[in-house]
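For ligands, and for the atoms within them, numbers begin at 1 and follow the listed sequence. Hydrogens, waters and symmetry mates play no part in the numbers below; they use all other heavy atoms, side chains included.
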Amino acid sequence: MHEFNSRVAIEQMLIVGGSRGIGLAVAEYYHTRVKNLVCVSRTRSKFGRWIEADVADNRGIDRACEPFANQPLDALLYLGGTWEKNAFTSDYAFANSSDDEIDRVIAVNLIAPIKFTRRLIPSLQKSPIRKVIFIGSLSGLENQASREVANTASKFGLRGAAQALQIELKQTGIGLTVINPGNVATPEVLDDIATGTFSEQVPIPLSDLIAVIDCTLSLSPASYLPEINLAQIQ
Ligand SMILES: NC(=O)c1ccc[n+]([C@@H]2O[C@H](COP(=O)([O-])OP(=O)(O)OC[C@H]3O[C@@H](n4cnc5c(N)ncnc54)[C@H](OP(=O)(O)O)[C@@H]3O)[C@@H](O)[C@H]2O)c1
């Protein structure tokens with residue numbers, strides 16, 4: 001007989017971007033399921049132990065990783081992110097995007113996840129689970145760009161970073177997954193649909209995204225899901 005109940009319980013989890021939107025919903029789901037949940041953001045997280053940090057800044061990333069220094073980390077969930085002013089509306093114009101805005105979007109969405117992963121390699125190696133999840137976007141796929149230049153570049157780049165990291169970290173046993181969703185039913189997206197900023201559509205329920213994360217984290221250390229595209233039907 002095969003053993004089908006060999007899942008190892010997740011005890012140590014770090015969520016970047018746990019104060020709002022997708023990260024908040026994922027933190028709410030896991031806070032009673034994991035022993036030690038740490039959430040990182042600039043504004044207070046409702047769930048887990050909150051570390052106040054701006055991840056666009058190296059010192060912020062250092063501070064966010066501190067709780068896991070010399071400690072095991074089962075799962076790093078990089079779920080935070082940012083985008084340009086007026087992004088995804090007709091008011092966005094690349095020509096009006098400042099250098100600071102471009103720097104910030106790429107720092108938070110692309111550079112920070114790379115730096116978090118590097119700092120946390122020793123902690124992930126101490127875990128029997130060793131999973132990293134980055135939140136991408138369908139607009140980061142080939143030839144599916146949206147007009148927001150820095151945001152699209154960051155999401156496209158994140159996929160390349162994950163592929164390179166997977167090769168480089170093969171001997172560590174760490175598995176990296178990029179989840180690329182369409183519009184997810186966060187309060188902000190629901191509001192944008194209700195006010196007509198977004199066209200009429202059915203966004204992806206947060207529970208679907210959580211199901212995908214849970215599946216990714218339930219895999220044994222022998223396998224990983226490199227990339228998951230989660231699209232809307234309508
Ligand atoms: N919602 C969607 O439909 C959707 C679809 C596809 C992809 N995504 C991606 O999913 C990610 C999250 O989206 P969301 O809708 O959940 O956004 P959100 O509601 O705006 O939440 C963003 C989270 O990231 C954190 N964050 C942003 N900048 C930060 C910084 N400099 N330092 C620390 N934390 C920072 C925020 O915390 P603080 O502001 O408190 O710092 C917040 O917790 C983004 O990368 C987005 O591109 C979202």
Item to check | ligand 1 N/O within reach of Ile135 N/O, cut-off under 3.5 Å | outcome: no
Checklist entry - To which of Arg20, Gln232, Arg42 does the heavy atom nearest atom 35 (C) of ligand 1 belong? => result Arg42
Item to check | Exam field: side chain Arg63 to backbone Glu52, donor-acceptor pair closer than 3.5 Å | outcome: yes
Checklist outcome for this item: min-distance protein heavy atom vs atom 43 (O) of ligand 1 -> Ser19 OG, 2.7 Å
Checklist entry - Where is the nearest protein heavy atom to atom 25 (C) of ligand 1: which residue, which atom, and how far? => result Gly17 CA, 3.8 Å
Checklist entry - Is a side-chain donor or acceptor of Asp74 paired with a backbone partner of Ile10 at a separation under 3.5 angstrom? => result no
Next on the checklist: Does ligand 1 come near enough to Val108 that some N or O of the ligand is less than 3.5 Å from an N or O of the residue?
Outcome noted: no
Item to check | Nitrogen or oxygen atoms of Val40 and ligand 1 under 3.5 Å apart | outcome: no
Next on the checklist: For a quick check under 3.5 Å, do Thr43 and Arg20 share a side-chain donor-acceptor pair by atom type?
Outcome noted: no
Item to check | Taking atom 5 (C) of ligand 1 as the reference point, the nearest protein heavy atom with its distance | outcome: Gly182 O, 3.1 Å
Checklist entry - Do the side chain of Asn86 and the main chain of Thr89 share a donor and acceptor less than 3.5 angstrom apart? => result no
Checklist entry - Does Gly23 reach ligand 1 with a nitrogen or oxygen that is under 3.5 Å from one of the ligand's nitrogen or oxygen atoms? => result no
Checklist entry - Within the structure, does Gly81 bring an N/O atom to less than 3.5 angstrom of an N/O atom in ligand 1? => result yes
Item to check | Ligand-residue contact atoms, ligand 1 with Val184, heavy atoms, under 4.0 Å | outcome: 2 (C), 3 (O)
Checklist entry - Taking both backbone and side-chain atoms of Asn109, is any N or O found less than 3.5 Å from an N or O belonging to ligand 1? => result no
Next on the checklist: Taking the side chain as everything from C-beta on, heavy atoms only, tell me whether Leu158 gets closer than 4.5 Å to Asn109.
Outcome noted: no
Checklist entry - Is any side-chain heavy atom of Pro181 less than 4.5 Å from a side-chain heavy atom of Ile135? => result yes
Item to check | Numbering as shown, the atoms of ligand 1 that approach Asp54 to under 4.0 Å (heavy-atom distance) | outcome: 30 (C), 31 (N), 32 (N)
Checklist entry - Would Thr172 and Arg130 satisfy side chain to side chain donor-acceptor pair (under 3.5 Å), going step by step from the backbone distance to the final call? => result CA-CA 9 Å; Thr172 67; Arg130 309 172 179 202; 5.9 Å; no
Item to check | Whether Ser218 side chain and Cys215 backbone form a donor-acceptor pair below 3.5 Å | outcome: yes
Checklist entry - atom 17 (O) of ligand 1: which of Phe88, Trp83, Tyr78, Phe134 has the nearest heavy atom? => result Trp83
Checklist entry - For atom 11 (C) of ligand 1, which protein heavy atom lies nearest, and how many Å away is it? => result Leu79 O, 3.3 Å
Checklist entry - Considering only protein heavy atoms, which is closest to atom 34 (N) of ligand 1, and at what distance to one decimal place? => result Ser41 CA, 3.7 Å
Next on the checklist: Does Val132 form a side-chain contact (heavy atoms from CB on, under 4.5 Å) with Ile174? I'd like the steps, not just the answer.
Outcome noted: CA-CA 7 Å; Val132 174; Ile174 296 170; 3.8 Å; yes
Checklist entry - Are any of the N or O atoms of Thr82 closer than 3.5 Å to those of ligand 1? => result no
Next on the checklist: When you measure from the side chain of Ser220 to the backbone of Ala222, do you find a donor-acceptor pair of N or O atoms at a distance under 3.5 Å?
Outcome noted: yes
Checklist entry - Nearest protein heavy atom to atom 32 (N) of ligand 1, by residue and atom, and its distance? => result Val55 N, 3.0 Å
Next on the checklist: Whether the side chain of Glu101 engages the backbone of Lys85 through a donor-acceptor N/O pair (distance < 3.5 Å, no angle test) should be reported.
Outcome noted: yes
Item to check | Residue-ligand contact Ala53/ligand 1, heavy atom below 4.0 Å | outcome: yes
Next on the checklist: Test of understanding: given a 4.0 Å heavy-atom threshold, classify the contact between Lys155 and ligand 1 as side chain, backbone, both, or neither.
Outcome noted: side chain
Checklist entry - So, the side chain of Ser123 versus the backbone of Gln71: is there a donor-acceptor pair under 3.5 Å, distance only? => result yes
Next on the checklist: So is Gly136 touching ligand 1 or not, going by heavy atoms under 4.0 Å?
Outcome noted: yes
Can you give each donor-acceptor pair under 3.5 Å made by side-chain atoms of residues 225-234, sequence neighbours left out, with the distance rounded to 0.1 Å?
from: Glu227; atom 1: OE2; to: Arg159; atom 2: NE; distance (Å): 2.3
from: Glu227; atom 1: OE2; to: Asn180; atom 2: ND2; distance (Å): 2.8
from: Asn229; atom 1: OD1; to: Asn180; atom 2: ND2; distance (Å): 2.9
from: Gln232; atom 1: OE1; to: Asn183; atom 2: N; distance (Å): 2.8
from: Gln232; atom 1: NE2; to: Gln201; atom 2: OE1; distance (Å): 2.8
from: Gln232; atom 1: NE2; to: Val202; atom 2: O; distance (Å): 3.2

Item to check | Closest approach of any protein heavy atom to atom 4 (C) of ligand 1, naming residue and atom | outcome: Ile22 CD1, 4.0 Å
Item to check | Closest protein heavy atom to atom 6 (C) of ligand 1, given as residue, atom name and distance to 0.1 Å | outcome: Pro181 O, 3.4 Å
Item to check | Charged tip of Arg118 within 45° of Phe116 ring normal and under 6.0 Å | outcome: no
Checklist entry - Is Val189 close to ligand 1, meaning an N/O of one under 3.5 Å from an N/O of the other? => result no
Checklist entry - Does any N or O atom in Thr43 lie less than 3.5 angstrom from one in ligand 1, N or O only? => result yes
Checklist entry - Without hydrogens or angle criteria, can the side chains of Thr152 and Glu148 be said to hold a donor-acceptor pair below 3.5 Å? => result no
Next on the checklist: Within ligand 1, which atoms have a heavy atom of Gly21 less than 4.0 Å away?
Outcome noted: 16 (O), 19 (O)
